[in-house]
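In what follows, chains are A, B, ... by sequence order, proteins preceding strands, each numbered from 1. Hydrogens, waters and symmetry mates play no part in the numbers below; they use all other heavy atoms, side chains included.
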Amino acid sequence: MTATFHAPPGGAAKRGLIEVSGFSLSYETLDGAMPAVEDTDLVVRPGEFVSIIGPSGCGKSTLLNAVAGFLKPTAGRVTVDGEPVKGPGADRGMVFQQYSLFPWKTVRENVEFGLKMKGISADERTRSARTLLGLAGLSQFEDHYPDRLSGGMKQRVGIVRALATGPRVLLLDEPFGALDAQTRQIMQQILTNLWQRLEISVLFVTHDIDEAIFLSDRIYVMTARPGAIKAEVDVALPRPRDAGLALLPEFLALRAELAALIREESLKAMGGELNADALQGLAINLHGASIGDVI
Amino acid sequence: MKHSTALASVAVASDRFIRETGEPARAGSVTLRPARPAPAPAQPAGGSRWTRWLRLNRGLIRAGVLGLLSIAAFIALWHVLTENRLNIYVRFMNVPSPTQVLASAEQAFSDGRFLNHILISCRRILLGFSLATVIAVPLGLLMGRYLLLRELVFPVSEVLRPIPAIAWVPMSIMLWPTNEESIVFITFLGSLFPILINTLHGMATVDEVLVRAARCLGAREAATFREVYFPAALPQIFTGLTVGMGVAWVSLIAAEMISGQFGIGYFTWESYSLVQYSDIALGMICIGVLGLASSLAIRAVGSLITPWATRR
Ligand SMILES: Nc1ncnc2c1ncn2[C@@H]1O[C@H](COP(=O)(O)OP(=O)(O)OP(=O)(O)O)[C@@H](O)[C@H]1O
Ligand SMILES: [Mg+2]
């Protein structure tokens, strides 16, 4: 099995340490440098599943893109297994929020792409791709072009494609954002299975609290822009997890805690005027009167 | 799947809420319908591949039938106007009728001279258009990828592009030692710019996330170019080739009418000088048919090698 995924010798679980320290990144704009992320530290230990959640625009994608090697930090360091990240590479698989399959390649050719770049022979590529597609329940669709797949299938292929080269870490930027709730749940299960079987580290960006809890060992909560780490939350829920998890009191407590943290930041992100009291006021005004009465 | 059964067992655990079909509904009750057999995979009613092809391509067939009808109507109108020698401000007195054109076509094809004109025109198109493709496609791809090249070449191409082929005729005759070369050159110029512009446009619209995905999978510059930029731009390149082919014919005919002693454009113009009116129409129809055929051929090649862009 390990040979099929081109996993490195010595056990994959020993590798895949992501360290981000003193990280800041500003975008150059006409109004000057706009800080997107400021002074952030985070770590993903080998084999760990870590999520980043935070309000829209807080710099989650920015951080992830820096780990992927698409952006250079303005200050600080990003290292994977101790090596500074210099640019994108096959040691860090990435799954994007937008569907990013090559439309001119069939499902199998998409999955084979990374192996082809490694110079692996066509036969071996096909074998690896088939194994992985089987794991993700996509065997029937290997000869389809992406435009004939549903959104969930496309993202499954995207994940499988990113895993095919045997990366040390997998980076996912809101990969299930466009999917419906049921499909999301199934995708989360599939991702968990793949993560456990391939023993890699995962850094997962989402704004869905339930999703973060369901998947993660640890969750980083980011502040509103410019983003920094606001809280680090251990998810000490047992595995394997299933949809019944959502009924556990521990889950509900964790979720309430995370929701409060994020709500605070979302209000900040929406502008200084809105605060919790003001929203409370709106709710009180409606008490006793129907919407129709108010209007 | 495992968790969904778990969820179901939670929600439907108490049979107090489950009722048989037919029982009156209570608030919050769940009615389970008997499971239906799974649908057979992709085997729709109505037999063979051939009939299914017919059904899927109904639109195409309809367009074909209507197209033939409209061409028939056009010929019928032409027939009525010319046979009656109508003179309604526009004068149809000297315009050859379809039957006259058919007669002169029979005569023209009876000796090899007319066929020779056609072959010479086709050869010029093939040469000029191929040269344009071989130059404009790689140039456009490189210009799309390398800003410096684009900044250097684009202004020149933008100034030259609006000059119509016919305006190039005198210059071309001065530039090239033989007449043949100057006509091919004009054909080449005509198709060069549409191909170049469309290739550039194709490169500009390549989805950045695909490039990033390729990078993350270990693709370097050359591989990204070959595996992402080129296939992503291909459908647009073929649009350019189709347009370029059309302009190549326009340019060729203009060049042949002004200079040279061969070609279908020359034949058409000479027929006017020789007062062979039905040959004028014959020449025109030939140009139309050849232009159409070459455009269709390019489209066919295009849909053959970009199946993802045209398949339904
Ligand atoms: N290229 C850019 N130039 C200038 N500002 C940018 C650029 N890209 C992002 N930003 C800004 O940086 C901030 C962080 O962006 P980022 O995309 O990382 O946020 P995010 O947390 O991923 O948001 P979302 O949840 O909406 O995807 C945003 O306020 C955004 O407007
Ligand atoms: Mg984002």
Side-chain angles (χ1 to χ4, degrees), chain A residues 65 68-70 87-106 109-120 137 140 144-148 158 161-165 167 170-171 173 182 185-186 188-190 192-193 214 240-247, chain B residues 1-14 38-43 56 141 202-203 205-238 301-312:
Chain A
N65 279 323
F70 293 121
D91 58 328
R92 282 149 292 139
M94 178 128 178
V95 181
F96 301 85
Q97 173 163 17
Q98 313 95 301
Y99 302 129
S100 60
L101 301 182
F102 305 119
W104 46 87
K105 289 180 184 287
T106 62
E109 287 165 348
N110 264 284
V111 175
E112 285 179 15
F113 185 85
L115 299 174
K116 188 171 174 187
M117 294 302 107
K118 279 190 163 180
I120 285 160
Q140 278 165 275
H144 285 225
Y145 282 102
D147 69 343
R148 289 183 52 189
R161 181 178 69 177
L163 290 173
T165 49
L170 184 63
L171 311 169
D173 189 356
Q182 277 70 34
Q185 283 195 347
I186 296 170
Q188 290 160 10
Q189 201 84 56
I190 291 172
T192 306
N193 290 344
F214 183 81
R241 301 169 181 171
D242 59 28
L245 189 77
L247 301 169
Chain B
M1 327 297 172
K2 192 177 144 219
H3 68 285
S4 68
T5 50
L7 191 77
S9 70
V10 169
V12 196
S14 145
Q43 256 313 330
L56 280 172
L141 290 172
M203 286 296 280
T205 50
V206 173
D207 192 351
E208 191 56 33
V209 76
L210 298 181
V211 178
R212 288 187 163 205
R215 293 277 177 189
C216 268
L217 292 164
R220 296 182 181 278
E221 180 63 23
T224 312
F225 207 96
R226 189 181 66 236
E227 302 273 350
V228 181
Y229 281 106
F230 181 60
L234 252 187
Q236 190 72 40
I237 291 175
F238 268 96
V301 173
S303 59
L304 213 69
I305 62 177
T306 60
W308 69 90
T310 40
R311 174 185 27 84
R312 52 161 294 127

Validation row: B:D207, A:F102 side chains within 4.5 angstrom (heavy atoms): no

Which atom of B:W308 lies closest to which atom of A:P103, heavy atoms considered: CB-O, 3.2 Å

query: Which bit of A:D91 is near chain B, if near means a heavy-atom gap under 4.5 Å: side chain, backbone, both or neither?
result: neither

message: I'd like to verify something: which residue of A:A246, A:A90, A:P146 has the highest number of heavy-atom pairs under 4.5 Å with chain B?
response: A:A90

task: For chain B, find which of A:K116, A:M117, A:Q140 contributes the most heavy-atom pairs closer than 4.5 angstrom.
output: A:M117

query: Taking atom CH2 of A:W104 and atom CD1 of B:I305, what is their separation to the nearest 0.5 Å?
result: 14.0 Å

- request: Go through the atoms of A:A162 and report whether side chain, backbone, both or neither lie under 4.5 Å from a heavy atom of chain B.
  value: backbone

message: Please give me the minimum heavy-atom distance between B:A213 and A:S100, naming the atom from each residue.
response: CB-O, 4.1 Å

B:E227 side chain reached by A:K105 side chain, heavy atoms, under 4.5 Å: yes

message: Looking at A:F70, I'd like to know if the NZ or CZ of B:R212 sits under 6.0 Å from its six-membered ring centre while staying within 45 degrees of the ring's axis.
response: yes

query: Out of B:G218, B:A219, B:C216, which one racks up the most heavy-atom pairs below 4.5 Å with chain A?
result: B:C216

message: Does B:F225 have more than 12 heavy atoms from other residues, nucleotides or ligands lying within 6.0 Å of its CZ?
response: yes

Region of A:L101 in contact with chain B, defined by heavy-atom distances below 4.5 Å: backbone

